[in-house]
Engineer: 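So that we are looking at the same thing, I have put the structure below in structure tokens.
Values below: all heavy atoms of this structure, side chains included; hydrogens, waters and symmetry mates excluded. When a ligand or atom number is given, it counts from 1 through the structure's own listing order.
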Amino acid sequence: MTDLTSADVFTDNAVAQKPFDYFEALRAKGPIVPLGFRNVVAVTGYDEGVAIYKDDIHFSAINTVTGPYLPLEYDSSRDIDEQIEETRAGNPYLGTIMTEDEAKHAKSKSILNGMITPARLKANEAFMYRLADRIIDEFIDKGTFNVLTDFGSPFAQLTVADLLGVPEEDHEAIRGLVAPPNQLPGNLGGHFDMSTNPLARMGMQFYGYIADRRANPRNDVLTLMAQQTFEDGTLPEIVDIVGLATFLFGAGQDTTVQLFAAMLRRLSDEEGLADRLRAEPNKIGDFVDENLRLEGTSKSTFRYVRKPVNIAGFDFEPGQHVMIHTLAMNRDPRRFENPAAFDIDRKNGRTHVAFGRGLHACAGAPLARAEGRVAIERLLARMENIRISDERHGPKGARRFEHLPNYSLYGVTEQWMDFDPA
Ligand code: HEM
């Protein structure tokens, strides 16, 4: 049998279709393993990955989205930080918060903190309940739905639209701006063109909103966003606000959509689970987190080594791409007992790293958790006998799903559920 770890994880769809076999093959070689190609080092260990996530001195986030397809040929005779900044300057999509380092990242984070406030999240949760029911109404009479397109996408998209104060009359247009599966960062082969991504259009829409609110302030969330200042009192450029708002739509789209899909697969095939959650709704939060631990959408993320450092006995060298396998860390047996088992009662379940760790930890985590909770509450209330469609995906025990052809994101390309209206 050929060694699975020698497969090219960046191009080989067989690996994308069986990520957990791949992770366990890597883990058998150790928590930190150089792949031997593209200058990539893979990390599957929990403690090792957390140490890297928290270390922004030796590691840069410049390659978080691209991984080794970063357009930078490292020249060891030149200062690495200079080379990182040159690469960033030449590539607009390397200017998002997720790829920024140090001072620039801190500035973006301060704008973001003004967008996702506790008060906004509270109002947004009330909207989510109304929205979930409105979307379920669209297919409740059919007894079947595609989780990704019929429920997940509109729910995730319009939740972020409401959080950012997009007027309701524009919601319908925003609902359509969804990237197809081959237009996601982490697409196998590294082909990802932001300029043709439908989310780019969102940027233009937001530019209009923010410019208008700066000129004509109103009593609304967009005005608060437009008038927000940095800690030193200066006003951000409109493009900086627009970039962040657009990024939130992208970051909050496929991630949560795939979370809904994973949760519904569990509810369908895990005996007694739906009844237990109906009887104990206070366990729905743990249910959401256990799904995130085992099947969180962020399969892998990256860091670029900028200074030599030793972690857990491994010497990292400048110019290496560190592939942090978040989902493998979440199944590290040194951290989680019986790690592959689904157990909503496990004591340390919430210490998973589905949302990353450290400076770049997911800013939308509270939002994603709330979306997961509200979606499950309303789906369980409106539907009985929620089950994966045998017709589309085969019978229980032999289900068939096609996974995203992606080295960063974990999820399925399609998922149909059947149900009886409650
Ligand atoms: C299940 C849903 C989600 C998952 C699994 C997820 C996962 C992650 C992970 C792993 C990171 C860190 C990546 C790294 O350090 O390399 C991250 C960052 C981020 N996420 Fe999420 N995310 C989810 C939903 C959301 C939502 C709903 C939003 C907002 C609408 C959001 C906004 C962000 C932002 C802004 C960052 C960048 C933070 C920074 O660089 O400082 N995410 N996410």
Engineer: For atom 11 (C) of ligand 1, what's the nearest protein heavy-atom neighbour? Residue, atom name and distance, please.
Structural biologist: Phe355 O, 4.0 Å

Engineer: Among protein heavy atoms, which lies nearest atom 28 (C) of ligand 1, and at what distance?
Structural biologist: Gly364 CA, 3.4 Å

Engineer: Which word best sums up how the rings of Tyr69 and Tyr407 line up, parallel for under 30°, tilted for 30 to 60°, or perpendicular for over 60°?
Structural biologist: tilted

Engineer: Using distance alone, with no hydrogens and no angle criterion, decide if Gln253 and Gln157 have a side-chain donor and acceptor under 3.5 Å apart.
Structural biologist: yes

Engineer: With respect to atom 27 (C) of ligand 1, which of Ala245, Gly252, Gly372 exhibits the smallest heavy-atom separation?
Structural biologist: Gly252

Engineer: Of all heavy-atom pairs between Arg120 and Gly165, which one has the smallest distance, and what is that distance?
Structural biologist: NH2-N, 4.4 Å

Engineer: Classify the contact between Phe247 and ligand 1 as side chain, backbone, both or neither, using a heavy-atom distance cut-off of under 4.0 Å.
Structural biologist: side chain

Engineer: Can you tell me which portion of Thr255 lies within the under-4.0 Å heavy-atom range of ligand 1? Options are side chain, backbone, both, or neither.
Structural biologist: both

Engineer: Would you say the side chains of Asn187 and Asn406 form a donor-acceptor pair under 3.5 Å?
Structural biologist: no

Engineer: Counting only heavy atoms, which portion of Arg303 has something under 4.0 Å from ligand 1: side chain, backbone, both, or neither?
Structural biologist: side chain

Engineer: Are His403 and Tyr410 close enough that their ring centers fall under 6.0 Å?
Structural biologist: yes

Engineer: Side chains of Asp170 and Tyr209: is there a donor and an acceptor less than 3.5 Å apart?
Structural biologist: yes

Engineer: Is Tyr53 touching ligand 1 with its side chain, its backbone, both, or neither, if touching means heavy atoms under 4.0 Å apart?
Structural biologist: side chain

Engineer: Is the Phe316 to Phe314 ring centre distance short of 6.0 Å?
Structural biologist: yes

Engineer: Please work out whether any backbone atom (N, CA, C, O) or any side-chain heavy atom from C-beta onward of Leu359 is under 4.0 Å from ligand 1, and answer side chain, backbone, both or neither.
Structural biologist: backbone

Engineer: With backbone taken as N, CA, C and O and side chain as the heavy atoms from C-beta onward, which portion of Ser108 lies under 4.0 Å from ligand 1: side chain, backbone, both, or neither?
Structural biologist: neither

Engineer: Ligand 1 versus Ala354, non-hydrogen atoms closer than 4.0 Å: side chain, backbone, both, neither?
Structural biologist: backbone

Engineer: Does Thr301, backbone or side chain, put an N or O under 3.5 Å from an N or O of ligand 1?
Structural biologist: yes

Engineer: For the pair Phe287 and Phe342, name the ring-plane relationship: parallel under 30°, tilted 30 to 60°, perpendicular over 60°.
Structural biologist: perpendicular

Engineer: So for ligand 1, is His105 a polar contact partner (N or O within less than 3.5 Å, distance only)?
Structural biologist: yes

